[in-house]
There are 2 protein chains.
Amino acid sequence: MNSQSEEDYLKALYHLEMDFDSVSTNSIADYLDMKPSSVTDMLKKLAEKKFINYQKYKGTSLTKKGKLIALTIIRKHRLWETFLVDKLGFGWDQVHIIAEQLEHIKSEELIENLDNFLGNPKYDPHGDPIPNKEGEIEKMNQKVLVELKALQKGIITGVKKGTASLLNYLDKEKVKLGDSIKVIEILEFDGTYIVEINKRKLTFSEKICQNLLLETND
Amino acid sequence: MNSQSEEDYLKALYHLEMDFDSVSTNSIADYLDMKPSSVTDMLKKLAEKKFINYQKYKGTSLTKKGKLIALTIIRKHRLWETFLVDKLGFGWDQVHIIAEQLEHIKSEELIENLDNFLGNPKYDPHGDPIPNKEGEIEKMNQKVLVELKALQKGIITGVKKGTASLLNYLDKEKVKLGDSIKVIEILEFDGTYIVEINKRKLTFSEKICQNLLLETND
DNA sequence: TTATTTTTTTAGACTAGTCTAAAAATTACA
DNA sequence: TGTAATTTTTAGACTAGTCTAAAAAAATAA
């Protein structure tokens with residue numbers, strides 16, 4: 001059984017590997033708000049357990065084993081977030097801190113039952129994909145709306161970081177994460193998009209299109 | 001903020017105070033499966049924080065402050081158990097271990113939302129009363145069925161420890177915790193009880209009557 | 001290429017929570 | 001009541017996870 005702290009490190013490693021290719025001791029320390037010396041200690045421990053590939057002074061990366069653990073934590077995190085929003089009525093921006101605690105609860109059965117109770121959701125309230133119990137996560141073919149041409153389709157999965165207000169706007173327009181979107185027309189003049197969501201035509205400014213994240217199937 | 005360990009001790013103290021009047025170091029150690037020396041250490045710490053009244057070599061007891069914390073942990077424990085059984089379909093006998101973890105999640109809002117989501121239940125799946133958010137718990141006027149005389153009434157709240165099979169039997173007979181029960185007749189010959197539950201007459205052996213817990217209103 | 005800066009690791013210390021072994025206090029009983 | 005048994009506490013050690021300060025390695029730049 002892994003400690004909460006170990007799980008936090010593995011999860012951090014996973015997220016950092018997404019964004020940057022090699023993961024440095026300092027970047028982990030920044031991410032987790034710890035001192036680099038503490039990180040070094042933990043890296044040794046995780047390497048011992050074969051969760052990471054680690055060589056002094058070189059960066060580090062998750063092994064298959066480590067990645068699987070990271071993904072099961074992320075699965076738990078995202079399922080709990082979904083529960084908090086869908087069932088308990090929390091706002092999508094309030095759930096992260098609570099899910100950080102819930103993700104460490106140890107019970108496979110709990111998570112499988114929760115998954116079923118929620119209707120086996122594919123995306124969490126922020127639009128991030130939920131790994132399945134084998135630790136497989138949809139390789140997001142993530143695009144921004146502005147990359148689509150007329151008549152192309154996608155599924156709305158989220159908004160870029162730091163554009164919380166866009167999510168609020170979508171809420172008001174009754175646009176939900178997971179909704180399909182189809183580009184009807186792009187105005188050449190100012191880049192405005194006319195799109196169809198739930199059989200309703202909507203008009204999105206270029207700025208919105210630059211921040212609205214989609215999943216496509218190409 | 002109190003540590004998980006502190007919370008476990010306070011909860012143990014609460015339960016032990018229910019059953020026995022004075023709580024000894026050894027009894028806590030037994031209950032928590034720890035060594036008495038570890039308990040002494042923690043008692044000092046809890047006394048420091050004014051959660052317990054503690055004097056070397058004398059027993060210990062919860063202060064008002066300590067009792068309130070114990071009751072909020074118990075509230076969380078019982079609400080989570082209710083969630084696990086009612087919503088996730090766990091059996092009543094599977095949920096304790098999981099709730100032991102969930103009860104330490106720190107978020108008042110989470111618990112209030114959960115309480116509402118569950119419909120503000122008064123009893124958990126084992127029939128134990130759930131404290132309210134002020135830490136008030138129903139003073140159970142707990143009786144065993146065998147204490148009732150003909151025509152007296154009560155509410156079924158649980159079974160005695162170690163009689164899990166009785167709960168299974170009740171399940172099969174479609175008798176649920178929270179159901180009202182009325183004694184129709186007691187056979188002098190062998191102490192068999194004829195009772196009415198949900199407008200159905202049932203016959204309970206003396207052994208059943210000795211293990212079925214009720215709440216009455218006298 | 002050498003010197004300087006930055007990054008990473010090591011060494012040693014601290015805290016919380018546990019343990020074992022021994023000492024001290026209390027309780028039981030002959 | 002005095003001795004033996006039991007209970008409780010103390011003293012000291014250990015682990016996990018963190019920290020600070022200093023040393024070592026790697027990267028950068030003059």
Which residues satisfy the salt bridge (charged side-chain N to carboxylate O under 4.0 Å, His left out) test with [X], sequence neighbours excluded?
X: A/Lys35; result: none
X: B/Arg78; result: B/Asp124
X: B/Lys87; result: none

Donor on one side chain, acceptor on other, B/Thr192 and B/Asp190, under 3.5 Å: yes
Near DNA chain D, which residues from residues 4-13 of chain B have a heavy atom under 4.0 Å away? none
Quick check on contacts: within residues 31-43 of chain A, what sits under 4.0 Å from DNA chain D by heavy-atom distance? A/Met34, A/Lys35, A/Ser37, A/Ser38, A/Asp41
Looking at [N], I'd like to know if its phosphate oxygens (OP1 or OP2) sit under 4.0 Å from a side-chain N or O belonging to [X].
X: A/Ser24; N: C/dT7; result: no
X: A/Tyr54; N: C/dT9; result: yes
X: B/Asn26; N: D/dT6; result: no

By ring-ring contact (aromatic ring centres under 6.0 Å, His included), which residues pair with [X], not counting sequence neighbours?
X: B/His104; result: none
X: B/His96; result: B/His77
X: A/Phe204; result: none

Please report, rounded to the nearest Å, how far the P atom of D/dT9 is from the OH atom of B/Tyr57. 7 Å
B/Ile28 has an atom CD1; how far is it from atom C1' of C/dT18, in whole Å? 16 Å
Please list, one pair per line, the donor and acceptor atoms closer than 3.5 Å that link side chains of residues 49-56 of chain A to other protein atoms, with sequence neighbours excluded.
unit_1  : atom_1 : unit_2  : atom_2 : d
A/Lys49 : NZ     : A/Glu6  : OE1    : 3.2
A/Lys49 : NZ     : A/Glu6  : OE2    : 3.0
A/Asn53 : OD1    : A/Ser61 : OG     : 3.2

Kindly point out which of D/dT10, C/dT26, C/dT9 is positioned nearest to the side chain of B/Lys56? D/dT10
